[in-house]
Amino acid sequence: MEIEATPLSPQQQAYNGGGSEQRAGASAKPLYRNPVVVVNFLLMAVGTVSGPLLFRAYFLHGGSRKWLTCLLQTAAWPLLLPPLCVSFFSRRRRQREESATEAAPLSLMSGRLLAATVAIGLVIGVIDFLYAYGLAYLPVSTSSILVSTQLAFTAVFALVVMRHRFTAFSVNAVVLLVVGAAMLGLNGGGDRPAGVSRAQYYAGFAMTLGSAAMYGLVLPLMELSQAQHAARAGAPVTYTLVLEIQMVIGITATAFSAVGMLVNREFHEIPDEARRFDLGEAGYYFMLVSSATAFQCYFIGTIGAIFYGSALLAGVIMTLLISVTEVFAILFFHELFNGTKGVALAISIWGFISYFYGEIRTNKQQSNMSTDKEHLGP
């Protein structure tokens with residue numbers, strides 16, 4: 001499998017976290033005809049829908065280890081090793097054919113990019129903990145709507161970090177997403193799970209919203225670090241490099257979570273929790289492995305959707321999957337889906353559509369302007 005033979009063009013070298021049009025030129029044929037793209041979309045769908053549901057099932061059936069669920073979100077990073085090994089050996093074979101003296105580098109990352117990625121990995125570890133804490137006390141349906149506000153924070157931080165320009169559509173999207181979250185907050189307690197106090201509910205609400213805000217900051221920082229790497233190294237950002245970045249983030253965030261588990265002695269509690277688990281020990285460990293695999297599928301699929309398509313395309317898919325997650329949460333956990341939550345979901349989807357429509361319209365205008373300049377050139 002050759003995953004780096006078709007690098008991004010100079011205009012596409014930054015990893016797109018903010019939503020501007022930077023489509024990878026990895027394939028000349030339509031996206032839906034590319035089997036690699038289809039596989040990435042399927043992985044993204046499986047991870048986005050099943051990850052939160054598995055975590056909620058873990059807490060509902062007797063699980064209570066928040067640092068453990070934090071670790072599970074990145075613990076399956078070794079799944080990235082097989083494609084990276086295939087890429088390395090392919091790169092080494094090509095290097096030998098082109099030059100008998102120079103050896104292929106083991107990694108495509110520069111020292112600066114590695115340091116920036118480790119820092120981002122630590123932030124991801126904090127985000128994972130906040131998300132796990134929130135999901136312990138919130139219904140999946142409420143958590144999903146809160147997570148969808150990430151786009152609003154991404155837009156704001158993209159303006160600050162990457163100097164992305166606000167449009168009327170993006171401002172409208174930010175306002176709508178904030179209103180949707182505020183409606184859920186005002187309705188706090190109306191869908192509070194049994195056994196969860198009001199204080200725990202609001203703590204989970206705040207932490208989930210905090211995780212969305214921090215993740216909204218991480219995406220522009222990832223875009224900035226990769227753009228700076230491309231500028232300094234003079235090399236395009238390839239899918240292999242993006243996978244390497246994801247693996248370093250996974251290792252760092254997992255190490256962060258492991259320290260938290262050691263401090264809180266959660267490693268020693270796992271066997272006892274497994275014996276008390278409602279679904280039995282086998283069901284307990286199966287749920288842990290399934291959760292880790294699901295979240296890694298989400299990360300791999302999202303990377304593929306962004307690289308082969310765009311961040312806009314990945315965001316549209318995630319938006320659609322929020323509704324799917326809502327339906328499954330109602331079916332499996334019999335969660336209350338009242339009118340306020342329905343209106344909040346509709347407002348959030350409206351905000352997403354407004355944002356994406358504005359970005360597509362802006363990018364189309366810029367493309368037309370570039371075409372006109374080419375025609376007017378000497």
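No hydrogens or angles considered: a donor-acceptor pair under 3.5 Å links the side chains of Tyr58 and Glu273. In the model, Gln73 has no side-chain atom that pairs as donor or acceptor with a side-chain atom of Tyr131 under 3.5 Å.
Between the side chain of Thr117 and the backbone N or O of Leu113, at least one donor-acceptor pair lies under 3.5 Å. Thr69 places a side-chain N or O within 3.5 Å of a backbone atom of Lys66 that can act as its donor or acceptor partner. For Ser87 (side chain) and Pro83 (main-chain N/O), no donor-acceptor pair under 3.5 Å exists by modelled atom type. Under the 3.5 Å distance criterion, the side-chain polar atoms of Arg56 are matched with a main-chain donor or acceptor of Ala136.
Cluster annotation: Phe333 and Phe328 are assigned to the same hydrophobic cluster (Ile/Leu/Val/Met/Phe/Trp/Tyr, side-chain heavy-atom contacts under 4.5 Å, transitive). Criterion: ILVMFWY side-chain heavy atoms under 4.5 Å apart, direct or through other members. Under it, Leu79 and Leu81 are not part of a common hydrophobic cluster. When hydrophobic clusters are built by joining Ile, Leu, Val, Met, Phe, Trp and Tyr residues whose side-chain heavy atoms come closer than 4.5 Å, directly or via intermediates, Phe129 is grouped together with Leu122.
The two residues Ser50 and Ala294 have their closest heavy-atom pair at OG-CB, 3.4 Å. In terms of heavy atoms, Gly134 sits closest to Thr208 at CA-OG1, 3.3 Å. Closest approach of Ser257 to Cys70, counting heavy atoms only: OG-SG, 3.0 Å. Between Leu60 and Asp278, the shortest heavy-atom distance links the atoms O-OD2, 4.0 Å.
For the side chain to side chain contact (heavy atoms under 4.5 Å, CB included) with Leu71, the qualifying choice from Asp128, Val259, Thr254 is Thr254, the only one to do so. When each of Leu243, Ile120, Val118 is paired with Val248, the side chain to side chain contact (heavy atoms under 4.5 Å, CB included) condition holds for Val118 and for no other.
Atom CD in Glu266 sits 7.5 Å away from atom OG in Ser64 (nearest 0.5 Å). If you take CG on Leu84 and CG on Leu106, they are separated by 9.5 Å, rounding to the nearest 0.5 Å. The distance from atom CZ of Phe88 to atom CZ of Arg93, rounded to the nearest 0.5 Å, is 12.0 Å. The line from CD1 of Ile347 to CH2 of Trp350 is 7.5 Å long, rounded to the nearest 0.5 Å. Rounded to the nearest 0.5 Å, atoms CE (Met207) and CD1 (Ile127) are 13.5 Å apart. For the atom pair CD (Gln200) and CG (Leu138), the distance works out to 10.5 Å, reported to the nearest 0.5 Å.
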Inset, instruction - Let me see the working for Ile124 and Tyr215 under side-chain contact (heavy atoms from CB on, under 4.5 Å), right down to the final yes or no. - result: CA-CA 7 Å; Ile124 291 292; Tyr215 201 71; 3.7 Å; yes
Inset, instruction - List the steps, then state whether side-chain contact (heavy atoms from CB on, under 4.5 Å) holds for Met214 with Val218. - result: CA-CA 6 Å; Met214 292 183 67; Val218 162; 5.6 Å; no
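Other residues, nucleotides and ligands contribute only 12 or fewer heavy atoms inside 6.0 Å of the CZ atom of Phe286.
The aromatic rings of Tyr137 and Tyr133 stand perpendicular to each other, their planes meeting at an angle above 60°, with 30° marking the opposite boundary.
Ring centers of Phe55 and Phe295: under 6.0 Å apart, within the cut-off. Two rings, from Trp67 and Phe267, have their centers 6.0 Å or more apart.
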